[in-house]
Amino acid sequence: MLIKLETKSGVKGLSFHSKKAWILVSLESGVIQLWHYRRSTLIDQFEHHRGPVRGVHFHIYRPLFVSGGDDHKVKVWNYTLCSCLFSLVGHLDIIRTVQFHHKRPWIVSASDDHTIRIWNWESRTCVSLLTGHNRSVTSASFHPRMDLIVSASLDKTVRVWDFSALVDKTNDPTWIWLSKFKGVNLLDSSSSDAFLKFVLEGHDRGVNWAAFDTFFRYMVVSGSDDHQVKLWEWNDTRAWEVNTMRGHMSNVSCAVIYSIKYDIVVSSSEDGRILVWDANMQTTLQTLRTEHDDRFWILASHPEMSNLIAAGHDSGIIVFKLGRDRPTFSVNGNSVYIFSTSRGCALYFCSSLTEEAKFSFIRIQTRYSSHFNQSSKRLSYSSSENAVLIRSYGDEEGSYELYIIPKDYHYRRDEPIQDSGNGSGEWAVFVAKNRFAVLNKTTNQILVKNFKNEIVEKSVIPIVTNAISYAGTEKLLCRAEDRVFIFDLQQRITLGELKTSFVRSVVWSMDMESVALLGKHSIVIASKDLVHQCTLHELVHVKSGAWDDHGVFIYSTLNHIKYCLPNGDSGIIKTVTFPLYIAKVSGSIIHCIDVTCQVRRIKIDATEYVTKLSLLKEKDDQVINIIRSSKFCGQAMISYLKQKGFRKVDLHLGKDGKTRSNFALESGDIQTALAFAKEIDEKDYWCLLGMEALRRGNAGIVQYAYQRTKNFNRLSFLYLITGNLDKLFKMQKIAEANNDVMSQFHNALFLGDIRERVKILENVGHLHLAYVTAVVHGLHQTVKRLAAELGDNTPSLHLVGKSPSLLVPPRPIICGGDWPLLRVMNGIFEGSLDNDFWNTEEYLVEDGEESEYEETDLPNAARKCDASSLVYGSPTPGMLVRQKDVSCPYCSCCLVPAQQGHLCTVCDPAVVGSDASGFFLFLICS
């Protein structure tokens, strides 16, 4: 990994956050920046220093960081509040470095005033002053475990200080009591609570940096203006120089040790290079530069992942890793082999991942060196023969080694296991009980060998291949530049092919029916014949994956553990703070391996993706059981169900009345929505119910909703289009009682009552309009009376040769009632879940509630229907229906398909059904 971040100013200090992917950057411009280095985004900026800021450091578990700069102040910040909490004043010159103690409330700072100070940031006082350097102190840091401080100075020395007396004093109850209640400042800088333990001399010029080994060993690394990097070691009585590394062409500004797996030293210099050293061989393993050869000033290693290094230069920072994070392991059923070099070359074997992982230690005599640039990359395991193939990528072609592990091996009693065969070839996999295949890239051949490392078969691959993996007995999945294909070693033919981007790893399901092809930022799911099913793209690196028992692919990225369904739907299962590599998924337990080759068991809640998978496969009984037994309900799940059209299911997932009422409206369940509307009794919801009922042709509920909201204008128009003139006349009387002139006029217009229209116009003073209306419609007596009132202002009309007629809205063919509805059988969710979530009967209209529907004409036959077994849906074109038999839309009378179009003997509307394609047929109304 190589991440570049531009700061537009020289970087003087760096610090990684221990848990989050954050890094603090202090700049020469006086600004402190907080970056998310994985996303390459700037989170925040802190400006409070005057002059360059040369040192920053995160607190290990509190939301704090400390900084020091050229203004001679140590400042403590809270990054959640984005503010400086306080300043510690005492240094007389530039502050070079600052650092929190990993346990105690202390800060160590180094300054150009030749001193080192230990501060108590809780009491905001200096608790110890370390003097002894006679030039500027360029760095000072705590030991990660011991009560020691190492410092570097321009006086050419590195000094190790012991402050155990200060620790003892702070732990003594007597001293604490005197300090609290007697006001005695016992932790003052005049007391000799720290003493000089060692002085390391050997550099020819000033020392710019000194640091302890991050792996708790008794080692110190230092970098100097003499262009050298030195490695020091000490014991209880003395300290001595171990190695000197020469290669930089200018001043060495910083150096750190990485020694978890290898003795590696990383150093930065003003010559524009970062050198990675083999501390034992004193040779350079790797060199890093910037595009413009900027000078490097500072290095920082991650407190948890020490192979993660950040380097600051003149115009930004780079973040990179040493070696590989990915552990070398192989899973077969419940057993796993892990190859590690942390304790020498060895295999760790666990026979059962389903229980607490207990590993057996197996020593092997490998030809691989534990060199930084040469390490194992892949491992294959054959459970039938208890054999292991270890493959390396140290050279161009790579190499493999075959080991057969004895059943009764014991690492304390037996010698290291020798390999049974080896050879060149980076790609080697088991293909049969006692056979393995090796890819020869030069000749593009597959060499099948036995366990004596003898070639028994050769096969030429028809397509140029650069990698192979197991795809079943005597079958290989081969990777080319732009595709993958399955090659049968016995028939020597290609069985399937799939074009895809570069594939980094292949994961087969337990039954070998599905395969996941993992790229850097993509996952391709295919069948065993490489028939494409779905492709999933990620913005971050995909690390690993495994199939669970339900056929769902579980995979990990830098930040998350996620799932991928066969149709491509994905979601987040859990957020992780550091990369994990999934070995196996057993029920609700994910077995992962971290970068230190430790097995971790992570418990997850699989309810979400199991529910989605059951809906996808139409396993209704499983969905019912999940909904009945589980407590999950979230916006993500509800949104998914709405997006996929499972509205009847999300109706049962709603927890409160409003949520479930909205789902009822969206799913078209008008009766349930009506019950919720009566329970909620809010005007806005009655309006929504009225609009939805009108869209679905349920005139009775539309009328009821308009009545509850007193929306008389819409109610009048509803009576107009349904031909209910008697109730329209009642609306006219209501408008007159409410003195609503516009409603009176509209109702008179709807009714075609010309005398009422003239009367309304006359009452509001529009005599001219009243006169014209009366003349046009032939109301002679009214015309004479109005003409007498108007006198000379009577308008003149010329109606010679014209015969005006009254405009009356057309009468509907069928008056009143709802739209004809089709009888559709209830789905399994409605029939099985209604009684679990609510009692349907309590939401039906009771006899005592008829007063609320006294103005509503619901079909009598519809009132007789059993609501628990029938659902009435409007005949929307294109909507599928499961019921193929024809039936009456109002009663429960089912008939044979031959009677389609005939009249029902119970309620007279035409019998309808569905055609051969399953689409609704519209009613033929009598």
Would you say that [X] contacts [Y] through its side chain, given a criterion of any heavy-atom pair below 4.5 Å between the two side chains?
| X | Y | answer |
| --- | --- | --- |
| Ile317 | Ile23 | yes |
| Ile589 | Ile602 | no |
| Val220 | Asp213 | no |
| His91 | Arg117 | yes |
| Arg159 | Leu196 | yes |
| Ile309 | Lys321 | no |

[X] side chain to [Y] main-chain N or O, any donor-acceptor pair under 3.5 Å?
| X | Y | result |
| --- | --- | --- |
| Asp314 | Arg295 | yes |
| Ser141 | Gln99 | no |
| Asp113 | Leu92 | yes |
| Ser18 | Pro303 | no |
| Ser111 | Ile94 | yes |
| Ser224 | Asp226 | yes |
| Thr97 | Ala140 | yes |
| Ser153 | Asp155 | yes |
| His133 | Arg135 | no |
| His302 | His17 | yes |

Original post:
Going through the checks in order, is the side-chain contact (heavy atoms from CB on, under 4.5 Å) test met by Leu166 and Ile118?
Top reply: CA-CA 10 Å; Leu166 179 63; Ile118 301 177; 4.2 Å; yes

Original post:
For Ile318, which of Ile274, Ile3, Leu5 qualifies under side-chain contact (heavy atoms from CB on, under 4.5 Å)?
Top reply: Ile274

**OP:** Give me the one residue out of Ile561, Ile582, Thr557 that meets side-chain contact (heavy atoms from CB on, under 4.5 Å) with Ser544.
**Re:** Ile582

Do other residues, nucleotides or ligands put more than 12 heavy atoms under 6.0 Å from the [atom1] atom of [X]?
| X | atom1 | result |
| --- | --- | --- |
| Glu291 | CD | no |
| Lys562 | NZ | yes |
| Lys156 | NZ | no |
| Leu81 | CG | yes |

Determine whether the aromatic ring centres of [X] and [Y] lie less than 6.0 Å apart.
| X | Y | result |
| --- | --- | --- |
| Tyr79 | Phe46 | no |
| His59 | Tyr61 | yes |
| Phe163 | Phe195 | no |

Subject >> Under 3.5 Å side-chain donor-acceptor pair for Thr283 and Trp277 >> reply: no

Taking all atoms of both residues into account, what is the closest heavy-atom pair of [X] and [Y], and its distance?
| X | Y | value |
| --- | --- | --- |
| Val207 | Ala152 | CG1-CB, 3.6 Å |
| Ser26 | Val56 | CB-CG1, 3.6 Å |
| Glu233 | Tyr218 | CG-O, 3.1 Å |
| Gly312 | Leu14 | N-CD1, 3.5 Å |
| Val252 | His248 | CG2-CD2, 3.7 Å |
| Trp297 | Ser268 | C-OG, 4.5 Å |

**OP:** Please report the C-alpha distance between Asn120 and Ile107 in whole Å, then the side-chain angles of each, then the deciding distance to 0.1 Å, and finally whether the side-chain contact (heavy atoms from CB on, under 4.5 Å) criterion is met.
**Re:** CA-CA 7 Å; Asn120 187 317; Ile107 297 171; over 6 Å; no

**OP:** Applying side-chain contact (heavy atoms from CB on, under 4.5 Å), name anything that partners Leu42, two or more places apart in sequence or on another chain.
**Re:** Gln33, Trp35, Gln45

**OP:** Name all residues meeting the side-chain contact (heavy atoms from CB on, under 4.5 Å) criterion together with Asn251; count only those two or more places apart in sequence or in a different chain, and write none if there are none.
**Re:** Asn208, Asp225, His227, Glu270

**OP:** Check the pair Thr244 / Lys230 against side-chain hydrogen bond (donor to acceptor under 3.5 Å, both in side chains), numbers first and verdict last.
**Re:** CA-CA 5 Å; Thr244 300; Lys230 289 184 180 290; 3.0 Å; yes

**OP:** Please assess Leu64 against Trp121 for the test side-chain contact (heavy atoms from CB on, under 4.5 Å), listing each intermediate value before the final yes or no.
**Re:** CA-CA 11 Å; Leu64 305 175; Trp121 56 267; 3.8 Å; yes

Original post:
Which of these passes salt bridge (charged side-chain N to carboxylate O under 4.0 Å, His left out) with Asp594: Arg600, Arg601, Lys543, Arg326?
Top reply: Arg600

Could you tell me the separation between the [atom1] atom of [X] and the [atom2] atom of [Y], rounded to the nearest 0.5 Å?
| X | Y | atom1 | atom2 | result |
| --- | --- | --- | --- | --- |
| Ser67 | Lys73 | OG | NZ | 11.0 Å |
| Lys197 | Ile149 | NZ | CD1 | 13.5 Å |
| Glu6 | Ser40 | CD | OG | 10.5 Å |
| Cys82 | Trp77 | SG | CH2 | 10.5 Å |
| Ser556 | Leu580 | OG | CG | 6.5 Å |

Subject >> Verdict with supporting geometry, Asn559 and Val540, side-chain contact (heavy atoms from CB on, under 4.5 Å) >> reply: CA-CA 8 Å; Asn559 310 91; Val540 295; 4.1 Å; yes

Original post:
Among His49, Arg50, His48, which one satisfies side-chain hydrogen bond (donor to acceptor under 3.5 Å, both in side chains) with Asp71?
Top reply: His49

**OP:** Would you list the pairs meeting salt bridge (charged side-chain N to carboxylate O under 4.0 Å, His left out) in which at least one residue belongs to residues 91-101, sequence neighbours left out?
**Re:** Arg96-Asp112

Original post:
After noting the C-alpha distance and the side-chain angles of Trp209 and Thr138, does the key distance pass the side-chain hydrogen bond (donor to acceptor under 3.5 Å, both in side chains) rule?
Top reply: CA-CA 6 Å; Trp209 193 266; Thr138 53; over 6 Å; no

**OP:** Show the numbers, then the answer: is there a ring pair (Phe, Tyr, Trp, His ring centres under 6.0 Å) between Phe142 and Trp106?
**Re:** CA-CA 10 Å; Phe142 290 111; Trp106 293 345; 7.1 Å; no

Original post:
Should the ring pair His57 and Phe100 be called parallel, tilted or perpendicular, given that the plane angle runs from 0 to 90° and is split at 30 and 60?
Top reply: tilted

Subject >> Parallel, tilted or perpendicular, as decided by the 30° and 60° cut-offs, for the rings of Trp234 and Phe198 >> reply: tilted

**OP:** Can you spot which of Phe65, Tyr37, Trp22 makes a ring-ring contact (aromatic ring centres under 6.0 Å, His included) with Phe16?
**Re:** Tyr37

